[in-house]
Amino acid sequence: MAIRTEQMKEILDIRFDDPQKEKELCIQMLSESKDRYTEAFGRTYLGDAYHTLGQVDAALCELRRGLELSEADRYEDLLFILYNLIGIIYMYRDDEQSALDYFFNGIELSEKMNDKMMQATLLSNIAYAYKVAGAYDKAERMTDRFYQMICEAAENKSNVELDRISYETDKIGLYLGRNEPDKAWELMQLSEIQADTGIEKYINFALYYGIKGNHKQCAMYIDTVISILSEDVNRYESVLYQFEIIRIAIDAGLYEKALQISEITEKLMEENVNVGKRVKLMEYRIEIYEALGRTDELSEAYKRYFEYDTIYEEEKKQAAITRIRRKIELIYEIDRKSQIEKRQAELSDKRSNDELTGLYNRWGLKNRIKQLYSENDSTNTMLMAAIADVDFFKEYNDTYGHIAGDRCLKSVADILKHNIGEDGIICRYGGDEFLFVMRDISKAQAEQLLSKIRAGLSDEYIENSRSGVSDRVTISIGAVIVKQFAAMDFETLIHEADMTLYEVKNSSKNGYRVRKLG
């Protein structure tokens with residue numbers, strides 16, 4: 001297992017710098033895998049490597065297999081990575097709805113785990129999905145939430161300033177997307193953003209100058225972006241950025257440059273036949289060829305566009321069906337788990353509670369008392385244990401029958417519940433015996449309580465012609481109170497209460513006695 005842990009650490013250390021090595025290590029790990037977690041880990045990061053290398057379909061295949069294992073066994077550390085990566089891949093495939101489904105699954109998980117950095121990462125991706133879809137107001141709200149979450153994340157305090165620059169850069173992109181270049185320019189003049197060398201900075205400058213009609217400056221920043229992308233090992237990100245740059249170049253009227261970038265992009269996509277992206281690329285080519293008046297190339301672009309679009313429309317239908325099927329499966333799984341939990345609760349109640357009265361049985365009492373003792377840290381807490389026994393119950397049953405006997409026991413249980421309420425633990429201890437326990441009660445309070453219980457049963461007036469002490473059903477109660485009860489064994493406490501009850505039954509019945517121990 002130590003070797004496997006070292007392999008996992010090595011994969012995590014190199015995943016951003018050497019995706020080819022990450023891929024090789026994951027394949028090796030999977031060939032040696034002997035447990036489900038190792039397989040889930042290997043599938044997850046093999047999918048991550050394929051994704052970085054631009055092999056999107058292979059990535060999605062591995063990630064789905066990792067997701068199946070991780071959801072079944074609740075590998076929450078892997079689930080976050082999986083939800084995020086699968087969502088990103090659907091973004092690449094221009095299926096923003098599926099992407100959002102996975103991102104929001106990740107948000108739900110991160111909230112459960114109270115992981116603010118995880119939430120921030122997902123909020124950033126959700127904001128990007130909304131931006132791509134043109135929902136700039138939603139994108140801005142998510143961007144604001146992202147930055148708020150980043151600031152709240154204790155583990156991120158050292159990087160808040162860096163993340164502020166990233167946040168403001170994202171805001172600039174949103175202002176430019178809404179065609180608010182002057183508002184964007186105010187933020188673009190900040191020295192921190194000017195000094196930042198991130199690719200988003202240069203994309204924003206290219207877009208700004210394109211909107212302002214400064215084609216020379218726009219072209220200069222486009223060239224800077226292409227130069228940076230030529231050294232990027234993440235082919236997935238390169239393709240996404242290049243699509244952004246093609247759009248900027250077309251809108252700025254830089255058609256030759258847009259055509260040049262589209263050819264670079266097509267070569268990057270050769271290993272991965274992503275039909276949605278090919279449809280989008282042909283749409284751009286059609287715009288470019290029309291503007292340049294290249295009739296022959298335009299005809300070929302239309303032909304390829306319709307070929308790809310036919311396939312893409314079918315893929316979108318299948319994606320929608322898959323999304324609906326997954327939601328149905330999730331609903332079924334939630335319902336199944338709910339039914340299991342309900343059944344388990346019912347079984348637990350049956351195991352812990354008396355079927356006739358609904359009170360705890362001996363098993364339930366034992367577990368509840370353990371909890372009561374564990375909750376008590378005070379050596380000064382007073383505890384009362386009392387046993388109540390219905391007088392002449394055998395004679396009552398013989399005279400009125402067992403159905404009437406059951407009704408009688410239910411009445412006694414109801415009277416105990418009414419007088420003790422949530423302040424104590426009540427148990428049907430035997431046939432006609434009831435045991436109840438209360439904390440923080442004095443001897444005088446205990447005597448007052450037992451008197452009320454007896455009076456309540458008397459007022460119920462359950463006739464018992466065979467009683468030797470009354471014309472109605474009565475009970476006898478023996479109780480003990482002890483200080484520092486955590487030091488006394490509970491079985492001993494019950495024995496003392498039982499001995500006190502015996503004294504009441506032996507002397508008169510239809511009465512009670514409270515003894516203070518220690």
Side-chain angles (χ1 to χ4, degrees), residues 54-57 60 87-100 128-136 139 173-174 176-179 199-200 203-204 206-207 209-211 213 215 218-219 221-223 225-226 229 235-320:
Q55 299 171 31
V56 180
D57 291 337
L60 192 56
I88 287 170
I89 287 174
Y90 276 112
M91 282 295 303
Y92 179 86
R93 297 175 70 159
D94 298 319
D95 186 351
E96 288 85 11
Q97 185 56 58
S98 291
L100 289 169
Y128 181 74
Y130 282 138
K131 176 187 172 185
V132 170
Y136 294 109
L174 291 172
L176 291 170
R178 282 200 298 241
N179 200 26
I199 193 168
E200 290 85 357
I203 291 174
N204 283 339
L207 180 54
Y209 284 114
I211 293 172
H215 295 166
C218 178
Y221 282 110
I222 286 175
D223 288 340
V225 172
I226 295 302
L229 291 176
R235 301 183 73 175
Y236 156 79
E237 285 189 353
S238 292
V239 169
L240 291 184
Y241 285 135
Q242 283 169 355
F243 269 86
E244 283 193 58
I245 287 297
I246 294 169
R247 183 71 264 167
I248 292 170
I250 291 173
D251 290 342
L254 303 170
Y255 298 110
E256 291 289 355
K257 191 169 289 292
L259 180 59
Q260 175 193 351
I261 300 166
S262 76
E263 288 169 351
I264 296 170
T265 305
E266 190 166 23
K267 286 181 181 178
L268 275 177
M269 293 167 55
E270 283 177 357
E271 290 184 27
N272 178 59
V273 184
N274 186 275
V275 181
K277 279 284 177 282
R278 292 187 184 278
V279 170
K280 178 64 71 176
L281 193 63
M282 288 305 107
E283 287 178 353
Y284 288 162
R285 288 272 179 87
I286 289 168
E287 284 190 68
I288 293 167
Y289 291 140
E290 282 182 338
L292 294 174
R294 298 189 183 181
T295 309
D296 292 342
E297 289 97 330
L298 178 61
S299 178
E300 179 63 23
Y302 267 115
K303 180 181 176 183
R304 293 177 66 189
Y305 170 80
F306 286 119
E307 287 175 358
Y308 294 143
D309 191 55
T310 301
I311 300 169
Y312 185 47
E313 287 300 317
E314 184 59 33
E315 280 192 358
K316 285 198 291 187
K317 288 178 186 176
Q318 292 303 316

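Within the 4.5 Å cutoff, no side-chain heavy atoms of Glu244 are placed close to those of Leu207. Using a 4.5 Å heavy-atom threshold, the side chains of Glu263 and Glu266 count as separate. Side chains of Asp296 and Tyr289 form no contact here, defined as non-hydrogen atoms less than 4.5 Å apart. Contact annotation: the side chain of Ile264 never approaches that of Lys267 to less than 4.5 Å [non-hydrogen atoms, C-beta and beyond]. Between Glu287 and Arg247, the closest side-chain pair of non-hydrogen atoms falls below 4.5 Å. Proximity of Tyr284 to Thr265: side-chain heavy atoms (C-beta onward) are nowhere separated by under 4.5 Å.
Here the shortest heavy-atom pairing between Ala99 and Tyr90 reads N-CB, 3.7 Å. Shortest non-hydrogen contact noted between Leu298 and Ile286 is CD1-O, 3.6 Å. Taking all atoms of both residues into account, the shortest heavy-atom contact from Ala252 to Cys218 is CB-SG, 4.0 Å. The shortest non-hydrogen separation linking Val279 to Tyr305 is CG1-CE1, 3.6 Å. Residues Ile211 and Asn179 share a closest heavy-atom pair of CG2-OD1, 3.5 Å. Between Leu229 and Gln242, the closest heavy-atom pair is CD1-CG, 3.5 Å.
Between Lys257 atom NZ and Leu259 atom CG the span is 11.5 Å, to the nearest 0.5 Å. Interatomic distance, OH of Tyr308 versus NZ of Lys277, reported as 14.5 Å (0.5 Å rounding). To the nearest 0.5 Å, the span separating CG on Leu281 from CZ on Arg285 amounts to 5.0 Å. Note that CD of Gln260 and CD1 of Ile245 are 12.0 Å apart. Values are rounded to the nearest 0.5 Å. Of the inter-residue distances, the one linking Ile248 atom CD1 with Asp251 atom CG reads 8.0 Å to the nearest 0.5 angstrom. Rounded to the nearest 0.5 Å, atoms CD1 (Ile311) and CZ (Arg278) are 10.0 Å apart.
Glu283 has a carboxylate O that lies under 4.0 Å from a charged side-chain N of Lys280, or vice versa, which qualifies the two as a salt bridge. Under 4.0 Å is where a charged nitrogen must lie from a carboxylate oxygen, and between Glu200 and Lys131 no such pair does.
Aromatic ring pairs are classed by plane angle as parallel below 30°, tilted from 30° to 60° and perpendicular above 60°; the pair Tyr221 and Tyr209 is parallel.
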